[in-house]
Every structure is written in C-alpha cells, then in structure tokens.
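Being a predicted model, the structure only gives us computed values, none of them experimental.
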Amino acid sequence: MQTSAAILPAECTPDVPAPVVDIRGLWSVFHTAGVDVVIHKDLDLVVPRGEVVSLVGGSGTGKTVLLRQILGLQSPARGTVTVLGKPAAVLGAQGAASRVGMLFQHGALYSAFTVLENIAFALRELNSLPDALIRDAALLKLQMVGLDVKHAHKMPAELSGGMIKRVALARALIMDPPLLLLDEPTAGLDPDGADAFCNLLRSLHHELGLTVVMVTHDLDTLFELSTRVAVVADQKIIVEGPPREVIAFPHPFIHDFFLGERGQRAMELLREYPFTV
C-alpha cells in the first residue's frame, strides 16, 4: 500500500516495465466566475501494466476529470500526465482511440447509427480499411462482448441497458487498445446485469491483457474487479494499494465508504470470494 507521500517516481528498468499511466504533481484548476477552483493539488498516481485500478472518492473530487486528463481531453494546470510513454496531450491530439478505449457511464452510443456502425466508428474514421474488413472486425467485437450477430443492425433505442453497455464496450475495444477506461461501468444495471457485466470485464481483462482504470461508486463492482484501489480525497490520492490494505487506512472517507452499511454488505464478497482481490 502507498500513501500520497510514499509514491516515488517510477523507474523503467529491464525487470520493471514502465507504467501504463504515470501522473506526477497534477493540479486541476477550473475558472468559475472569475475564481480559481482547485480540484487536485500535487496528485500522483501510477498504474502498472495489467492492473485494474479503481478510483474512488466523494462527489466533486474529480475522478472523471482524471479520466479526461488520461484521455488527453483536458490538460492539467500543472504537473504531467504520461500515458503509454507519451504525454497524454500528445496522445489525445494523435487520436487516443487507437491506444485508449473509453466506456462512458451511459454508453454514449450514436443514436442515429446502428449497433454495427457504432462499433465500427473509429475504424471508419481511419479511411484506410476495406468495408468488408471493418464489418468483420466489428462483428468479432460484437460477439466478444457476448452479443449475437442478429443485434448488429438494431438501433440504440431498441437495446436494453445491459446491451447498450456491451455495445459501448465493443466500440471501446475496436482498436485493440492496451488501456481501457471505465466510468461507472455498472451504473443503471440491475444486480444480475451488473454481475454479468463484471464477469465479462474480468474475462476480457485476462484474455486481452488489458490495463484498466475504473471510476466506480459500486462496492460490489469494486471488489469483484479491482486489483488495486486509489482513493481521491483532500485534493490528492491519499492511499493506493490492494483493496484489503486500502480499507485499513485511517481516513474518514474510507471509513464511511467501505465500513458503512453498504460497505459491510459488499465486504461479504471478500469473505465469500477472497480470490477476487
């Protein structure tokens, strides 16, 4: 387990590969009505290759802001955000879709496109691949997320909430990115749907060797998928490490989040399935 004061610069050695995400001294500042509002101050976060890191924190702590900065959609006021060995801003300018997949909270499918057109969107934007190859790649991703080809020509309005999540996930994976970002991946799903989606994400993580950064407030999802947890509070990452160790860190947010009534119910998962974390 690492606290904010103990996160050291990641060294790239023959035995220790460079981290997939490396955030150093990050300040996030918004200008509102002539006033600077500081969201993050001297925030550090390192995401090693192959991990599933969950970002948790109270409302307004800037968890989704961090995802946007990893994508290169937003630049920090100070500090550096390095993704896959490049500054995130450079990666974003080059088209982050080829290296970073993003699953938005509500799917964010294009309502005027069919399922197949949504999945294939990034490939078509390249303007360099034959239509048949694009179609085959999109169909493969559709089946990879557990949907039958009969759904390929449906419109988003015809899909259930769980199907929308799966189509959005297929779209996020169409370019075979090594890094996948998830914003509340099980939000809006019933318990059975959330369990099925977690099982799919766990399977894809292992099969594809993905590195995952996930924002979630759902403790069942967190315990089901996370190899590490990073807690955002007091404008920085106050602690980062395996879930069991993070829970033991003394901080009011951690106590309320993990050890309240919701947390106690979710902790049953740790006792029933200790291998998950």
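Side-chain atoms of T82 never come within 3.5 Å of backbone atoms of G85 as a donor-acceptor pair (strictly under, hydrogens ignored). A donor-acceptor pair under 3.5 Å is absent between the side-chain atoms of H40 and the main chain of K63, judged by distance alone. When atom types are taken as modelled, the side chain of K165 and the backbone of A187 share a donor-acceptor pair closer than 3.5 angstrom. Using modelled atom types, one side-chain atom of H205 and one backbone atom of G50 make a donor-acceptor pair closer than 3.5 Å.
At a threshold of 4.5 Å between non-hydrogen side-chain atoms, the residues V53 and V212 do not count as touching. No side-chain heavy atom of I119 sits less than 4.5 Å from a side-chain heavy atom of L173. At least one side-chain heavy atom of L43 sits less than 4.5 Å from a side-chain heavy atom of I23. You'll find the side chain of P178 stays beyond 4.5 Å of the side chain of T211, heavy atoms only. Annotation: side chain of R228 is in contact with side chain of P242 (closest heavy-atom distance under 4.5 Å). Using a 4.5 Å heavy-atom cutoff, the side chains of H251 and V239 are not in contact. Residues H255 and F253 fail the side-chain proximity criterion, which asks for heavy atoms closer than 4.5 Å. In this structure, D44 and L26 have side chains that are not in contact, with every pair of non-hydrogen atoms separated by 4.5 Å or more.
None of Q74, R68, Q235, Q69 except one satisfies the side-chain hydrogen bond (donor to acceptor under 3.5 Å, both in side chains) rule with S28; the exception is Q69. Applying the side chain to side chain contact (heavy atoms under 4.5 Å, CB included) test between T114 and each of M155, K154, H151 identifies M155 as the sole match. Among L182, T216, L45, the single residue meeting the side chain to side chain contact (heavy atoms under 4.5 Å, CB included) criterion with L55 is L45. Here the options are V52, V56, T186, the test is side chain to side chain contact (heavy atoms under 4.5 Å, CB included), and the partner is L222; only V56 passes.
Atom-to-atom distance recorded for F121:CZ and I134:CD1 is 11.5 Å, nearest 0.5 angstrom. Interatomic distance, K86 NZ to R99 CZ, rounded to the nearest 0.5 Å: 7.5 Å. Annotation: the span from W27 atom CH2 to I39 atom CD1 amounts to 12.0 Å, rounded to 0.5 Å. Atoms NE2 and CD, on H153 and E117 in that order, are 9.0 Å from each other to the nearest 0.5 Å. From L159, atom CG reaches atom CG of N118 across 9.0 Å, with rounding to the nearest 0.5 Å. Atoms CD1 and CG, on I174 and L169 in that order, are 11.0 Å from each other to the nearest 0.5 Å.
In plain terms, the two heavy atoms of V46 and E240 that are nearest each other are O-OE2, 4.5 Å. Residues P156 and I164 share a closest heavy-atom pair of O-CD1, 4.1 Å. Of all heavy-atom pairs spanning C198 and L225, the tightest one is O-CD2, 3.4 Å. Nearest heavy-atom pair, A138 versus A120, reported as atom, atom and distance to 0.1 Å: CB-CB, 4.0 Å. Taking all atoms of both residues into account, the shortest heavy-atom contact from A172 to L180 is CB-CD1, 4.0 Å. Annotation for R171 and G107: closest pair NH2-O, 3.0 Å, computed over non-hydrogen atoms.
Under the 4.5 Å side-chain heavy-atom criterion for ILVMFWY residues, a single connected hydrophobic cluster contains both L126 and L133. No continuous path of ILVMFWY side-chain contacts below 4.5 Å connects V149 to L140, so the two sit in separate hydrophobic clusters. Grouping the Ile, Leu, Val, Met, Phe, Trp and Tyr side chains by contacts below 4.5 angstrom, directly or via other members, places V81 apart from V38. Taken together through direct or relayed side-chain contacts under 4.5 Å among Ile, Leu, Val, Met, Phe, Trp and Tyr, Y110 and V145 form parts of separate hydrophobic clusters. Under a hydrophobic clustering in which Ile, Leu, Val, Met, Phe, Trp and Tyr are joined whenever their side-chain heavy atoms come within less than 4.5 Å, directly or via other members, L147 and F113 fall into different clusters.
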Q) Are L139 and L116 close enough, and set up right, to give a side-chain contact (heavy atoms from CB on, under 4.5 Å), and what steps lead you there? A) CA-CA 7 Å; L139 286 172; L116 203 65; 3.6 Å; yes

Q: Run the numbers on I70 and L179 for side-chain contact (heavy atoms from CB on, under 4.5 Å), then give the verdict.
A: CA-CA 10 Å; I70 292 170; L179 174 63; 4.1 Å; yes

Q: Dump the intermediate steps for salt bridge (Lys or Arg N to Asp or Glu O under 4.0 Å) on D131 and R124, then the final yes or no.
A: CA-CA 8 Å; D131 286 345; R124 290 202 182 280; 3.1 Å; yes

**Q.** Check against side-chain contact (heavy atoms from CB on, under 4.5 Å), I247 and F257
**A.** CA-CA 9 Å; I247 291 169; F257 186 77; over 6 Å; no

Q.
Test side-chain contact (heavy atoms from CB on, under 4.5 Å) on M102 and D183; report intermediate values, then the result.
A. CA-CA 8 Å; M102 178 72 199; D183 191 4; 3.8 Å; yes

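Salt bridge D234/K41: absent, no basic N to carboxylate O contact under 4.0 Å.
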